[in-house]
Amino acid sequence: IPAEPLFRSTMKRKIFLTALSGALLLAQNAMAIETPAGWKMTRAQNGATIYQPESAEAKDIVLAISPSLSNDGKTAAQLLENAEQNLIDNNDAKITQSGKIEEKDGQANIAIQTEINGSPILVKETIYPLDPENMRDIIVFMPNNAEILQKYQKTAEDIIAAQYTEDMARKK
């Protein structure tokens with residue numbers, strides 16, 4: 001994946017690679033959802049949709065929504081089983097607190113506390129099926145800082161919920 005202007009730091013490039021690791025089939029882009037005030041949305045060359053707050057204090061927050069990806073015949077939870085190892089392999093991350101996969105209605109979520117390049121980072125990943133053969137992977141990287149989390153976490157969760165709602169409405 002060629003480096004793009006969006007990813008000015010090595011950390012952001014590594015985060016982007018992790019967010020899209022394992023992508024085998026790029027069949028469709030994430031549908032357009034409304035970009036929250038104070039956030040910007042860009043598209044990566046490979047079809048991923050990237051959301052980031054425009055504030056300088058939140059420059060290391062990245063929310064990446066994958067295009068449709070092959071599920072390789074696995075459930076969302078099975079796809080998340082290697083989330084921690086992928087963080088270690090692709091980001092030289094140190095896991096400081098292991099996450100537990102939570103499942104609800106076919107959607108699987110995990111939150112992992114890591115240290116990447118010496119910075120505490122909270123990584124949240126959500127995977128859910130789009131159809132029997134394809135899934136959506138959404139990953140958020142946020143500094144593990146109480147003030148930053150309080151200010152930006154709800155908006156990140158709202159973006160994920162909006163994408164999920166749009167994807168589910170399209171299935172019907």
Side-chain angles (χ1 to χ4, degrees), residues 4-21 30-44 48-67 76-77 79-128 135-169:
E4 296 183 32
L6 171 66
F7 301 103
R8 292 178 205 93
S9 71
T10 301
M11 181 175 153
K12 286 185 182 174
R13 279 192 296 274
K14 287 183 177 183
I15 287 171
F16 181 70
L17 291 174
T18 297
L20 299 176
S21 65
M31 300 213 37
I33 56 175
E34 189 172 322
T35 302
W39 287 62
K40 63 183 176 181
M41 186 273 296
T42 57
R43 295 250 189 228
T49 303
I50 309 295
Y51 290 92
Q52 291 182 283
E54 294 175 332
S55 168
E57 74 178 352
K59 66 183 184 301
D60 290 330
I61 296 175
V62 177
L63 185 151
I65 301 174
S66 74
L79 292 167
L80 277 182
E81 287 176 357
N82 295 322
E84 290 179 0
Q85 191 61 48
N86 289 339
L87 283 170
I88 293 167
D89 293 345
N90 296 317
N91 292 290
D92 197 25
K94 175 183 173 189
I95 305 300
T96 57
Q97 185 172 0
S98 293
K100 179 182 175 198
I101 298 171
E102 296 179 6
E103 288 183 272
K104 184 178 179 186
D105 300 326
Q107 183 180 52
N109 300 283
I110 192 168
I112 305 167
Q113 293 183 27
T114 68
E115 192 174 289
I116 300 174
N117 296 332
S119 298
I121 303 291
L122 176 63
V123 179
K124 290 188 170 189
E125 189 167 7
T126 300
I127 297 178
Y128 55 86
M135 56 91 174
R136 174 92 62 217
D137 186 7
I138 303 174
I139 190 164
V140 182
F141 292 82
M142 300 182 96
N144 198 1
N145 169 297
E147 186 177 316
I148 296 284
L149 290 172
Q150 182 178 0
K151 190 169 184 178
Y152 295 100
Q153 187 169 1
K154 175 157 181 2
T155 303
E157 290 170 359
D158 290 346
I159 293 169
I160 294 167
Q163 183 64 57
Y164 179 78
T165 299
E166 192 159 325
D167 285 336
M168 294 305 106

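Residue numbers start at 1 and run along the sequence shown. Hydrogens, waters and symmetry mates are skipped; everything else that's a heavy atom, side chains included, is used.
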Worksheet item: If you take all heavy atoms of I112 and A83, which pair is closest and at what distance?
Response: CD1-CB, 4.0 Å
Practice prompt. Answer yes or no: does atom CD of E157 have more than 12 heavy-atom neighbours from other residues, nucleotides or ligands under 6.0 Å?
Written response: yes
Item to complete: State, yes or no, whether a side-chain contact exists between N109 and K124 at a heavy-atom distance under 4.5 Å.
Response: no
Worksheet, complete the sentence: Between the OG1 atom in T114 and the CG atom in L122, the distance rounded to the nearest 0.5 Å is 8.0 Å
Discussion item. If you define the side chain from C-beta out and look only at heavy atoms, does anything of I160 sit under 4.5 Å from V140?
Written reply: yes
Worksheet entry | Where L63 and A156 come nearest, the two heavy atoms and their spacing | CD1-O, 3.6 Å
Item to complete: Taking atom CD of E147 as the centre, report whether more than 12 heavy atoms of other residues, nucleotides or ligands fall under 6.0 Å from it.
Response: no
Worksheet item: K59 and Q52: which non-hydrogen atoms are nearest, and at how many Å?
Response: O-NE2, 3.7 Å
Fill in: D60 vs F141 side-chain heavy atoms within contact, under 4.5 Å
no
Item to complete: For residues I33 and T165, determine if any side-chain heavy atom of one lies less than 4.5 Å from a side-chain heavy atom of the other.
Response: no
Discussion item. I need the E115 CD to K94 NZ distance, nearest 0.5 Å.
Written reply: 5.5 Å
Fill in: Spacing of Q150 atom CD and N145 atom CG [to the nearest 0.5 Å]
10.5 Å
Worksheet item: Between Y128 and D105, is a side-chain contact (heavy atoms from CB on, under 4.5 Å) present by the stated rule, with each step listed?
Response: CA-CA 9 Å; Y128 55 86; D105 300 326; over 6 Å; no
Worksheet item: So do I61 and W39 actually touch side chain to side chain, heavy atoms under 4.5 Å?
Response: yes
Worksheet entry | Separation between CD1 of I116 and CG of L87, rounded to the nearest 0.5 Å | 6.0 Å
Worksheet item: Which atom names give the shortest non-hydrogen contact between I121 and P143, and what distance separates them?
Response: CD1-CA, 4.1 Å
Discussion item. Could you report the tightest heavy-atom contact between I95 and E84, atom names first, then the distance?
Written reply: CD1-O, 4.1 Å
Worksheet entry | Interatomic spacing from CD1 in I110 to CG in L79 - rounded to 0.5 Å | 12.0 Å
Worksheet item: So how far is it from R136 CZ to Q107 CD, rounded to the nearest 0.5 Å?
Response: 12.0 Å
Worksheet entry | Taking every non-hydrogen atom, the tightest pair across G106 and A76 | O-CB, 3.4 Å
